[in-house]
S.K.: 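My questions will all concern the structure given below.
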Amino acid sequence: MERFRIAGEARLEGAVEVAGAKNSVLKLMAAALLAEGTTLLRQVPSILDVTFMAQLLDTLGCSVTVDPGERTATIAVPGEVGYQCDYELVRKLRASISVLGPLLARCGRAEVALPGGDNIGSRGLNMHVAGLEAMGAKVHIEHGFVIAEAPQGLHGAEIWLDFPSVGATETIMMAAVLARGTTVIENAAREPEIQDIAAMLVAMGAQVDGAGSPRIEITGVTGLLRPVEHVVVPDRIVSGSWAFAAAITKGDVTVTNGHAEHLELPLDKLSKAGAEISVLESGFRVRMNDRPKPVDVVTLPYPGFATDLQAFVIALNSISDGAAMVTENLFEGRFTFAQELTRLGAQIQTDGHHAVVRGVPRLSGAPVVASDIRAGAALVLAGLAAEGETLVSAAHHVHRGYTDFAGNLRRLGADVTVEPDDAEMYWN
């Protein structure tokens, strides 16, 4: 176990480069199962979750090589792949459910242990299951595994999602590319990561139209897809994290390879908080000179304010000159972060889906615990704005989603180190 040790009252200044999106690359690795041969992914982030997904694909018979220096993942997929995913790997990685659709489409059967991942609240698989069943699969839970069967193959269907679930959209889309006929997903997720997966599937020979809109149409093709080389879309959540890092520390940070068009609402909120936003050819720049103004935020599916950036806006509001309300509409467990932030002196009251944050002039360092990837990163940033020293335990959460987070902070001028932490109680 490891923890972050953060020296407070830091100001971040300089440039930081963003790699490919965690929420895309893991699904792209799963999509590689749809083609026999070697798929090459570029701009792959050096994060724990990529390692976990590589190990999972290895157990299915693939040969995966991840090169952190070259930022590549090479996935060699054999003519016959396994269809059972072991619990010991799946429990570490929510995105492991992404192999369900490709395995079912290719093998006619998939057995995937119910996934683990972040402790941010309930994230059921009902819409994944309903979509696959509409396409002719039989799905049930047995001994902790999701077992899906379609021995005669899948067929096209019209599927309406009750909520624009990213995971359900991805599962159905990847299963439908080899199904007979046409599948239409209504109320589909619209995230840039969905568009990225669709772009790779099309390059592999699939027929996918409408990705990025609420209606996606997939016409199944005969036979397997073909392996490709694909560049992963930049990580908008990491880009947004660095944008908030600049504002929280009254800093000046240029986010290289960050796509401002994927962060229109978060950057607008930062502008209202008093930050200066400059869109550059290579990315964007965020500069904050004064104490931030409070900003109200409501999390919604894309293009709304991302739930993954909610912790950062709470951290920003905690040192603002006033009060604001943050409403979480997607994952009820996200406010666990707010409870930890109060240990640093933040004034936060939560009631159901709402958190009222009253800014204080300065936070004070204390030991805290990360409950998920974004909570951990936001606590580190809050520690940079605090007086004294802050310790953030359960650093493994942050390692799952950020490439060399402490190293990048040091290059921006912060005093942040990673050290051993014997508190095993923090492991989730």
Side-chain angles (χ1 to χ4, degrees), residues 26-37 39 49 52-64 75-117 123-157 159 161 165-181 183 185 197 200-201 204 206 208 218 220-225 227:
L26 304 176
K27 322 304 173 60
L28 297 173
M29 293 174 73
L33 290 166
L34 293 164
E36 181 181 351
T39 288
D49 274 12
F52 292 150
M53 181 60 84
Q55 292 171 351
L56 179 60
L57 293 179
D58 281 340
T59 67
L60 296 174
C62 302
S63 177
V64 184
I75 306 161
V77 181
E80 292 187 13
V81 298
Y83 56 79
Q84 187 176 74
C85 300
D86 186 75
Y87 169 75
E88 287 305 314
L89 283 173
V90 172
R91 73 181 183 89
K92 302 177 182 178
L93 183 67
R94 177 73 189 183
S96 58
I97 198 64
S98 302
V99 302
L100 180 63
L103 288 180
L104 181 61
R106 179 165 177 179
C107 305
R109 182 179 178 89
E111 298 181 13
V112 183
L114 289 169
R123 294 195 283 186
L125 301 178
N126 292 350
M127 284 183 282
H128 300 64
V129 170
L132 295 176
E133 288 180 335
M135 298 166 66
K138 294 183 178 180
V139 187
H140 64 282
I141 308 295
E142 185 176 303
H143 303 302
F145 280 79
V146 179
I147 299 177
E149 299 173 279
Q152 304 305 315
L154 299 169
H155 58 72
I159 299 166
L161 298 181
S165 162
V166 173
T169 299
E170 293 164 342
T171 292
I172 296 166
M173 187 166 61
M174 288 191 283
V177 295
L178 300 184
R180 300 185 304 276
T183 298
I185 308 173
I197 296 165
M200 177 168 144
L201 290 173
M204 295 171 73
V208 182
I218 308 106
V221 299
T222 303
L224 295 180
L225 302 183

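Here the structure is a predicted model, which is why all the values come from computation and not from measurement. Any value given below was found using the heavy atoms of this structure, including those in side chains, with hydrogens, waters and symmetry copies removed.
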S.K.: Restricting to non-hydrogen atoms, name the atom on L103 and the atom on A110 that form the minimum distance, rounded to 0.1 Å.
M.R.: CB-CB, 3.8 Å

S.K.: With sequence neighbours excluded, give me every side-chain hydrogen bond (donor to acceptor under 3.5 Å, both in side chains) pair touching residues 167-179.
M.R.: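 side-chain hydrogen bond (donor to acceptor under 3.5 Å, both in side chains) check on residues 167-179 returns K27-E170.
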
S.K.: Of all residues at least two apart in sequence or in a different chain, which pass the salt bridge (charged side-chain N to carboxylate O under 4.0 Å, His left out) check with E36?
M.R.: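 Scan of E36 (salt bridge (charged side-chain N to carboxylate O under 4.0 Å, His left out), adjacent residues dropped) gives none.
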
S.K.: Identify, with sequence neighbours excluded, every residue that meets side chain to side chain contact (heavy atoms under 4.5 Å, CB included) alongside A76.
M.R.: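 Applying side chain to side chain contact (heavy atoms under 4.5 Å, CB included) to A76 gives T38, S63.
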
S.K.: Any side-chain heavy-atom pair from I147 and I141 closer than 4.5 angstrom?
M.R.: no

S.K.: Run L132 and L100 through side chain to side chain contact (heavy atoms under 4.5 Å, CB included) and show every step you take.
M.R.: CA-CA 10 Å; L132 295 176; L100 180 63; 3.8 Å; yes

S.K.: Please, which pairs that meet side-chain hydrogen bond (donor to acceptor under 3.5 Å, both in side chains) have at least one residue in residues 75-85, sequence neighbours excluded?
M.R.: Q84-E111

S.K.: Quick check: closest heavy atoms across T39 and M200, and the distance to 0.1 Å?
M.R.: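 That closest heavy-atom pairing would be CG2-CE, 4.0 Å.
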
S.K.: Below 3.5 Å, can you tabulate the donor-acceptor pairs from side chains in residues 148-155 to any protein atom, sequence neighbours excluded?
M.R.:
from, atom 1, to, atom 2, distance (Å)
E149, OE2, R109, NH1, 2.5

S.K.: Walk me through whether L60 and V77 qualify under side chain to side chain contact (heavy atoms under 4.5 Å, CB included).
M.R.: CA-CA 9 Å; L60 296 174; V77 181; over 6 Å; no

S.K.: For the residue pair L26 and D49, what are the closest heavy atoms and their distance?
M.R.: CD2-O, 3.4 Å

S.K.: So, for V81 and C107, which heavy atoms are closest and what is the spacing to 0.1 Å?
M.R.: CG2-SG, 3.5 Å

S.K.: Looking at side-chain heavy atoms only, is the closest gap between L34 and L201 below 4.5 Å?
M.R.: yes

S.K.: Could you please spell out the steps behind the side chain to side chain contact (heavy atoms under 4.5 Å, CB included) verdict for L104 and V139?
M.R.: CA-CA 11 Å; L104 181 61; V139 187; 5.7 Å; no

S.K.: Do L224 and L178 come close enough that some side-chain heavy atom pair is under 4.5 Å?
M.R.: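 L224 reaches L178 side chain to side chain.
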
S.K.: Looking at residues at least two apart in the chain, or sitting in another chain, which of them share a side chain to side chain donor-acceptor pair (under 3.5 Å) with H143?
M.R.: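 By the side chain to side chain donor-acceptor pair (under 3.5 Å) rule, H143 matches no residue at all.
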
S.K.: May I have the step-by-step check of side chain to side chain contact (heavy atoms under 4.5 Å, CB included) for V64 and M29, ending in yes or no?
M.R.: CA-CA 9 Å; V64 184; M29 293 174 73; 4.3 Å; yes

S.K.: For A35 and P227, which heavy atoms make the closest approach, and how far apart are they?
M.R.: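 Here A35 and P227 meet closest at CB-N, 3.5 Å.
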
S.K.: Are the side chains of M135 and I159 in contact, using a 4.5 Å heavy-atom criterion?
M.R.: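 Yes, close enough: below the 4.5 Å cut-off.
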
S.K.: If you look at every heavy atom in G156 and A179, which pair is closest and at what distance?
M.R.: N-CB, 4.4 Å

